[in-house]
Amino acid sequence: MNLGWNIDTDEKRRALLAQVRNVTLSALQQYTLEWSQIKLNKISDTITFKINTELDETFLLRIHNNSRSKAEIQSEMMLLQVLGNHGLTVPQGQASRTDEYVLEMVSEEGETLYITLMSWLEGELLSDAPSETQAMNTGILMARLHRAAASFVPDANHTFPTWGADSFRKSMAKLEQYYDRFLSDKAWGMYQAAADKIIADLEAMEKNESARNFGLIHADLHFENVIFRGEEAFPIDFARSGYGYYLYDIAGTILGLGGKHRQLFLKGYESVRKLDEGYMRPLASMFVMFMIENYCHHSSDPRETAGLIAEQPYAQAIIQSYLQDRPFLFEPLEPITVE
């Protein structure tokens, strides 16, 4: 996971926004925009601002810290161009006055920041569970992304992260520092056992793009990164895009769905790209992996602790079922608490 910004208190959040204010204004001068309004959009792994112009155009300005390299951000920009060329509606990077897609600037505090400007993709985020059609269409969308991204062959100047056993080990190392905020020692032991099983499964899997199970993926297509126009789904925020198993990408999306909607998502996906026989066991491993990675990502932020604690009865029921080789992806589970 990206390190993101240190904003675990309101004071740090205010200080960060003050730090990037001048950078934002300076960055906008590097583009041919007659901007009329700047509005903070979100602070996560990037700080984003919604930019409105005098011509009623809308853009997204992103400020990246050095948790991602410039080469990785440039690779994301190129991937989005490739996806757009394959007929997919995705945000597109905008070139600066000097024809650059990733600007490099230094804050007053001396921190190197990278700036990108993206086209704004209009649509609605869901405030409730998706409809059955929306769930199926999101599966179709992911399959189309995988199919189109497979045509992109990066050169030596393009760098993508890889999501797999090594990245998962790093996430677990972070969680080990913070698990006691929301897990008992016994529950942490379950997490460790699940991690060992996941890593064993990952290392036993064939990593073969020609075998159609591994390639460039979005890697973060949860339902805050999918917008809808009616029933049609569109992807946003490719900041985590990289190499990984297609099942890992699928797991990250169905993690936020109920059992029936998970089945519909997979039905939509397989209407475009067939999955290999016997995919359910590795999908279960990827599902638990993605769930644990989410907890790793949020564990260091004390504002997230209450939510992590509240989720544990369900998370621990999933992990227990996984360790006992019992099905859990489509079946309702009774929550448990491991003291």
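Since we're looking at a predicted model, the values are computed, not measured.
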Under a 4.0 Å N-O cut-off, is there an ion pair linking Glu203 with Arg169? yes
Exercise: do Arg62 and Thr116 side chains pair donor with acceptor under 3.5 Å: yes
Does Phe330 have Lys260 sitting over its ring (NZ/CZ under 6.0 Å from centre, angle to axis within 45°)? no
Go through Leu308 and Leu183 one step at a time and tell me if the side-chain contact (heavy atoms from CB on, under 4.5 Å) criterion holds. CA-CA 9 Å; Leu308 296 178; Leu183 290 173; over 6 Å; no
Heavy-atom nearest pair, Leu202 first then Gly164, reads CD1-C, 4.0 Å
Do the two ring centres, one from Trp188 and one from Tyr179, sit under 6.0 Å apart? yes
Rounded distance (nearest 0.5 Å) linking atom CG of Leu60 with atom CD1 of Ile236: 8.5 Å
Just by modelled atom types, is the His297 backbone N or O under 3.5 Å from a matching donor or acceptor in the Lys174 side chain? yes
Indicate, with yes or no, if Leu257 and Leu125 share a hydrophobic cluster defined by side-chain heavy-atom contacts under 4.5 Å among Ile, Leu, Val, Met, Phe, Trp and Tyr. no
Contact check, side chains of Ile292 and Leu175, non-hydrogen atoms, under 4.5 Å: yes
Is it the case that Glu231 and Ser131 place a side-chain donor and acceptor less than 3.5 Å from each other? yes
Could you check if a side-chain atom of Met118 sits within less than 4.5 angstrom of a side-chain atom of Phe59, using non-hydrogen atoms only? no
Flag the pair Arg68 and Glu76 as a salt bridge only when some basic side-chain nitrogen lies within less than 4.0 angstrom of an acidic carboxylate oxygen. yes
Is there a continuous path of hydrophobic side-chain contacts, each under 4.5 Å between heavy atoms, that joins Leu221 to Tyr243? yes
Sidechain-backbone polar pair: Asn52 side chain, Thr58 backbone, donor-acceptor under 3.5 Å: no
Taking CZ in Arg326 as the centre, count heavy atoms belonging to other residues, nucleotides or ligands within less than 6.0 Å. Is the count above 12? yes
Answer yes when Lys186 and Glu339 have at least one side-chain N-carboxylate O distance shorter than 4.0 Å, and no when they do not. no
pair Ser119-Gln94: side-chain heavy atoms closer than 4.5 Å: yes
Side chain of Thr46, backbone of Thr48: donor and acceptor closer than 3.5 Å? no
Connected via hydrophobic side-chain network under 4.5 Å: Ile43 and Leu117: yes
Rounded distance [0.5 Å steps], CZ in Phe49 versus CG in Leu28: 9.5 Å
Please indicate whether Glu34 has more than 12 foreign heavy atoms, meaning atoms of other residues, nucleotides or ligands, lying under 6.0 Å from its CD. no
Beyond-backbone contact of Glu124 with Ile227, side-chain heavy atoms, under 4.5 angstrom: no
Stepwise side-chain contact (heavy atoms from CB on, under 4.5 Å) check, Asp249 with His146: CA-CA 9 Å; Asp249 216 12; His146 291 169; 2.8 Å; yes
Polar side chain donor-acceptor pair, Tyr114 to Asn65, under 3.5 angstrom: no
Give a yes or no on this: more than 12 heavy atoms of other residues, nucleotides or ligands lie within 6.0 Å of atom CD of Glu331. yes
Which word best sums up how the rings of Phe223 and Phe228 line up, parallel for under 30°, tilted for 30 to 60°, or perpendicular for over 60°? parallel
Distance in Å, Ile254 CD1 paired with Thr138 OG1, rounded so as to fall on 0.5 Å steps: 12.5 Å
Do any N or O atoms from the side chain of Gln134 and from the backbone of Gly230 form a donor-acceptor pair under 3.5 angstrom? yes
CZ-CD1 distance between Phe287 and Ile198, expressed to the nearest 0.5 angstrom: 11.0 Å
Check whether any side-chain heavy atom of Met136 sits under 4.5 Å from a side-chain heavy atom of His261, and report yes or no. no
Please check if the number of heavy atoms outside Gln192 that lie under 6.0 Å from its CD is greater than 12. yes
Assess whether side-chain contact (heavy atoms from CB on, under 4.5 Å) is satisfied between Phe238 and Val90, documenting all intermediate values. CA-CA 9 Å; Phe238 284 73; Val90 296; 4.0 Å; yes
Counting C-beta onward and ignoring hydrogens, is there a side-chain heavy-atom pair between Leu126 and Val226 closer than 4.5 Å? no
Does a side-chain N-to-carboxylate-O contact under 4.0 Å join Glu72 and Arg240? no
Gap separating the CG atom of Leu283 from the CG atom of Asp201, nearest 0.5 angstrom: 11.5 Å
Parallel, tilted or perpendicular: which one describes the rings of Tyr322 and Phe328, with boundaries at 30° and 60°? perpendicular
Measure the OG1-CG distance between Thr133 and Leu264 for me, rounded to the nearest 0.5 Å. 8.5 Å
Given side chains that start at C-beta, do those of Leu79 and Leu83 come closer than 4.5 Å, heavy atoms only? yes
In the single-linkage hydrophobic clustering (I, L, V, M, F, W, Y; side-chain heavy atoms under 4.5 Å), do Leu40 and Val20 co-cluster? yes
Taking side chain as C-beta onward, heavy atoms only, is Leu247 less than 4.5 Å from Asn213? no
Decide whether Thr253 and His222 meet the rule of one side-chain donor and one side-chain acceptor closer than 3.5 Å. no
On a heavy-atom basis, the closest approach of Ala187 and Gln316 is CB-NE2, 3.7 Å
So, does Gln92 use its side chain to make a donor-acceptor pair with the main chain of Leu80 at under 3.5 Å? yes
Using atom types as modelled and distance alone, determine if a side-chain donor or acceptor of His218 lies under 3.5 Å from a backbone N or O of Asp237. yes
Distance under 6.0 Å and angle within 45° of ring axis: Arg273 vs Tyr246: yes
Would you say Tyr295 and Ser171 are linked by a side-chain donor-acceptor pair, where the criterion is simply a distance under 3.5 Å? no
Ring-face cation contact, Phe234 with Arg229, 6.0 Å cut, 45° max: yes
Salt-bridge criterion met for Arg281 and Asp325 (N-O under 4.0 Å): yes
Val338 and Tyr178: same hydrophobic cluster, using ILVMFWY side-chain contacts below 4.5 Å? no
Do Ser96 and Thr98 have side-chain N/O donor and acceptor atoms under 3.5 Å apart? yes
Has Glu232 got a side-chain atom pairing as donor or acceptor with Asn137's backbone, closer than 3.5 angstrom? no
Please say whether more than 12 non-hydrogen atoms of neighbouring residues, nucleotides or ligands are located less than 6.0 Å from CD in Glu334. no
Is there a side-chain contact (heavy atoms from CB on, under 4.5 Å) between Ile140 and Tyr269 once you walk through the steps? CA-CA 5 Å; Ile140 292 171; Tyr269 186 95; over 6 Å; no
